[in-house]
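Predicted model, so just to flag it, every value in this text is computed and none were measured.
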Amino acid sequence: MSRHREHVPTRPTWRCQACGIGWPCSAAKLRLLAEYRHDRVALTVYLVTLQAEAAEELAGSGCGRSPAGLMDRFVSWARPRG
């Protein structure tokens, strides 16, 4: 069995399976940017979809995450600069 753990979200907490911080963690962001390097629009659509799923799951868990906080966490970092 490999000791390598992927930086993917665990549900319903939306924390990184590998490092335990809020997903997407830095490693996940780098992987996603590389994977979608030629299609930033598709990356944004993917992240908005995951943000909506996370908002629903986190609301059900009573953790009190604000929608604005989730937007920053899931989507804002992926916007093109410049």
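- Classification of R31 and E6 as a salt-bridged pair fails, no side-chain N sitting under 4.0 Å from a carboxylate O.
- R15 places no side-chain N or O within 3.5 Å of a backbone atom of I21 that could act as its donor or acceptor partner.
- Residues V48 and F74 have side chains not in contact (no heavy-atom distance under 4.5 Å, counting atoms from C-beta outward).
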Under the criterion side chain to side chain contact (heavy atoms under 4.5 Å, CB included), I'd like the reasoning laid out for R11 against E53: C-alpha separation, chi angles, the key distance, then a yes or no. CA-CA 10 Å; R11 295 179 183 210; E53 290 176 22; 2.7 Å; yes

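- Looking only at side-chain heavy atoms (C-beta outward), P24 and R73 come within less than 4.5 Å of each other.
- A heavy-atom distance below 4.5 Å is not found between the side chains of V45 and Y36.
- Here the side chains of L32 and L47 are in contact, with some heavy-atom distance below 4.5 Å.
- Relative orientation of the W23 and W14 rings is tilted, given thresholds of 30° and 60° on the angle between their planes.
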Derivation and outcome, side chain to side chain contact (heavy atoms under 4.5 Å, CB included), residues V41 and D39: CA-CA 5 Å; V41 172; D39 195 350; 3.9 Å; yes

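- In terms of modelled atom types and a separation under 3.5 Å, the side chain of R40 and the main chain of A78 share a donor-acceptor contact.
- The closest side-chain heavy-atom distance from V75 to L70 is not below 4.5 Å.
- L30 contributes atom CG, which lies 9.5 Å from atom NE2 of H7 (distance to the nearest 0.5 angstrom).
- More than 12 heavy atoms of other residues, nucleotides or ligands sit less than 6.0 Å from atom CD of Q17.
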